[in-house]
Amino acid sequence: MRRAILMLSLLAAALWSAPSLAQSRAQLGPLCTTDTTPADQQIDACNKIIALKVFAGEKLATIYFWRAVGWNKKGNYNQVIADASEAIRLHPSVALYNLRGSAYYDKGEDDIAIADFNDALRIGPPSGIIFHNRGNAWRSKGEYAKAIADYDQSIKLGPPSAFSWQNRGISKRALGDLDGALADINEAIRLDPTLPQPLTSRAVIWRAKGDLDRAIADTTEAIRLAKAKAPANIMTPPGSVLISAYSHRALAYEAKGDFDRARQDYAAALEGKASDAGSKANQATAKVRLSLLSETPPPAPRTATAAPVPSVSKAAPASPVGAASRSPPAAAEQRKRADTGRETVRRVALVIGNNAYAHVRPLPNPANDARAMAKSLRDIGFVVTEGTDLDRTAMQATIRDFLRDAARSQVAVVYYAGHGVQIDGRNYLVPIDIEFRAGSGMTESMMDMDTIMAGLDDQVRTNILILDACRNNPMAPKLASAGPARDIEAGSGLAAPATLGAGSTLGAGTLIAFATAPGQVALDGEGPNSPFSAALTRHIGTPGLEVQQMLTRVRAEVVAATKGKQVPWSNSSLLGEVYLAEK
C-alpha cells in the first residue's frame, strides 16, 4: 500500500439505522458502505441508493464517498474524483479530501493531490494518514526532504504504519542514503513481515549496492506473499504489487546475466493490470526491456580484464555515413562487481547525428556535432555507441544496442542532433528517411523518446539526455522559413517528457537538456558545429565540473553566441551532484 484511507464508518452505521428505508432497501446499505464488498456489488448498491433520492446533504455525500471507494478498488480514478468531488460539494470532510487526493496521486497529478491533502490537514484534526499520503505525493514530485518530513509526522502521530517507514526509506534511498534507507525498510519489514511491498523496496537497495542475489531473494519472497494473499487495503492500486515485484526481479536477473528468467519476469509484469502511474511506468520499462531481450540473443556478460591504462584516451575513428559503432571503455572505466566478479560498464553513452535527410530539409552540422560529442565522451571514459545519418532501421538497431549495454551501467548519456518533433505531447527523433505525410502513420516512422527513457528507467541509474534538435511540430500547417535551423515546421516546441517525475526514474535521477527554449528553434550556426554542441563539447570534459554547472556555462555561451536568439533549457530530477568528467 502506498496510501491510506479514512473511513466514514460511524456515519454509515447511523445512516442505515434511519427508518426512512424499507427493510429490502436497507439491505443495500451494508453492501454500499462496507469496504470488503466486491467493487461491482458496492458500486451497484450505491447506485440504487442514490436512485432512491431519499438522502441529501451529509448522508448523500456518504453514499458518493462509498461509491468512490468502489471505483477506487477497480482503479477507475476518474470516477473516484468525480464522486469525491460531488461529495465534497455536498459536505466536505477529511476523508473525502484524502480519497480524492489519493486518486489524483495515482493518476500522477501530484500538485492537485497535495492541494487536497493540504485541505484535509486544514480542516483537521492532524492525521498520520494524511501526512503519509502527502509524503507520497512529495516523493513522486522528487521533493524528498518534504516527503521525509511528512513521513516523520506520520510515524509520530500514528497509527504505526510499515508503509510510512518503507516510504521514508525509499526517500532516503533517492537522496543517496542507502544505509538509512535500509534501516527504515528493515523496520517496515519487522513491523509487518507479511507485506510484500517493503521487500521489493529493499530489493532496489540491494541492486543499487550491487548485491543481486539478495535483490532476487527479496523480490521472490514479495511475489510469494502477494500471490498467497492479495493486498487487503483498498487503497493499493490493483495489480501494482506484483507488477513492481516482477519488474524489479527481472531487472536484477538481467543485470546478473540470467536473461531467460528476466524475460519470464518482464512478461509476468506485463500481464498485470496497470491503473496507477507507478505501475504504468514499471510496465513501460518491462515492455522495452523484454523487447530488447527477445529480439536477438543478448550478449553474454563479459569478464573484466586487466590492461594498461593509456595516458590519453584515443577517439575512435569516425563512423561511415549511415553506420553505427561502439567504442570500448578505457581500462580505468572497467569495474568488477564485488559479489559476482562480472564487469560493470559504469558509464555508457548513445550519440546520434542526423543531417542527410532525403525528404525534408537537410542540415549541415548534426553529424559533425555527433562526432565531436562522441570524442569528448570517450575522452572522459564513456563507452560510446555512435551513429550518423541513420535511417529508421539503423536508428532503431543502434538505440536498442545501447539500451542493452545500459542495463549494466550506472550513468547513461543520450545525445541526439538533428530533426526532432513533438506530437501530442510526446517527443520523437527523426531518421533521415522520414516522409511527413498526413495520415501516413508518421509517429511509427520515428523514434519515441519515451521509449528510450522507459528502457533506462530502473531506479539505480543516473540518466543525462541531451537534445540538440528542433522544438517544432511537423503536423503544423506552416513550413518554417528562416535559414538552416533544426526545425521542420512551425508549431509548439518539444515537451518535457511525461515520464520524468512520473515513474521510477526518480530513484536515481534524470536530467534532460534541450538546445533551446520551448517554442524556439535550435540553430545550426555558421561554423562546423551548432552553437549548442560547440559550447557543450568545450565544457563537458572539464574535470570536476558538476553537470548542471556545466550546462549553465553552456547556456551563457550559447546566448552570447546567438545574441539571445537561442536559450538552452533543461529539466532535472537529479538527486545530487553529478560529474561527467571525474574530479
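When the ring pair (Phe, Tyr, Trp, His ring centres under 6.0 Å) test is applied to Tyr104, no partner is found at least two apart in sequence or on another chain. Applying the side chain to side chain contact (heavy atoms under 4.5 Å, CB included) test to Ala250 and every residue at least two apart in sequence or in another chain returns Asp265, Tyr266. For Asp448, the side chain to side chain donor-acceptor pair (under 3.5 Å) test picks out Arg426, with sequence neighbours left out. For the side chain to side chain donor-acceptor pair (under 3.5 Å) test, no residue two or more places apart in sequence or in another chain qualifies with Arg392. Residues passing the side chain to side chain contact (heavy atoms under 4.5 Å, CB included) test with Ser275, sequence neighbours excluded: Tyr77, Pro237, Pro238. Scanning for salt bridge (Lys or Arg N to Asp or Glu O under 4.0 Å) contacts around Arg261 gives Asp258, with sequence neighbours left out. Evaluation of the side chain to side chain contact (heavy atoms under 4.5 Å, CB included) rule for Gln283 yields Ile243, Leu270, Ala274 as partners, not counting sequence neighbours. Taking the side chain to side chain contact (heavy atoms under 4.5 Å, CB included) definition, one finds that Ala147 meets it with Trp138, Arg139, Tyr151, Ser171, sequence neighbours left out. Take Arg400 and apply the side chain to side chain donor-acceptor pair (under 3.5 Å) test, not counting sequence neighbours, and it matches Ser291, Glu295. Residues satisfying the side chain to side chain donor-acceptor pair (under 3.5 Å) test with Ser201, not counting sequence neighbours, are Gln166. Under the rule for a salt bridge (Lys or Arg N to Asp or Glu O under 4.0 Å), the partners of Lys107 that lie at least two apart in sequence or sit in another chain are Glu109.
If you check the side chains of Asp450 and Asn427, you find no donor sitting under 3.5 Å from an acceptor. A side-chain N or O of Asp369 and one of Asn529 form a donor-acceptor pair less than 3.5 Å apart. Defined by atom type and a distance below 3.5 Å, a donor-acceptor pair is missing between the side-chain atoms of Thr385 and Asp401. Counted by atom type alone, Asp276 and Ser240 present zero donor-acceptor pairs between their side chains at under 3.5 Å.
The stretch residues 529-545 participates, sequence neighbours left out, in these salt bridge (charged side-chain N to carboxylate O under 4.0 Å, His left out) pairs: Arg538-Glu557.
Remark: side-chain polar atoms of Arg289 are paired, donor with acceptor, to backbone N or O of Leu403 under 3.5 angstrom. Within the 3.5 Å criterion, the main-chain N or O of Ser294 finds no donor-acceptor partner in the side chain of Arg263.
Note that CD of Glu143 and CG of Asp110 are 10.5 Å apart. Values are rounded to the nearest 0.5 Å. Separating the CE atom in Met395 from the OH atom in Tyr416 is a distance of 4.5 Å, to the nearest 0.5 Å. Taken to the nearest 0.5 Å, the CG atom of Leu212 stands 14.0 Å off from the CZ atom of Arg249.
Counting heavy atoms from C-beta outward, Leu465 and Thr510 have side chains that approach closer than 4.5 Å. A 4.5 Å side-chain heavy-atom check between Ile512 and Asn463 finds every atom pair outside the cut-off. The closest side-chain heavy-atom distance from Leu467 to Leu429 is below 4.5 Å. At least one side-chain heavy atom of Leu350 sits under 4.5 Å from a side-chain heavy atom of Ile399. Proximity of Leu580 to Val413: side-chain heavy atoms (C-beta onward) are separated by under 4.5 Å at one or more points. Ile466 places a side-chain heavy atom less than 4.5 Å from the side chain of Phe532. Arg346 has its side chain out of reach of Ser409: every pair of non-hydrogen atoms, C-beta onward, lies at least 4.5 Å apart.
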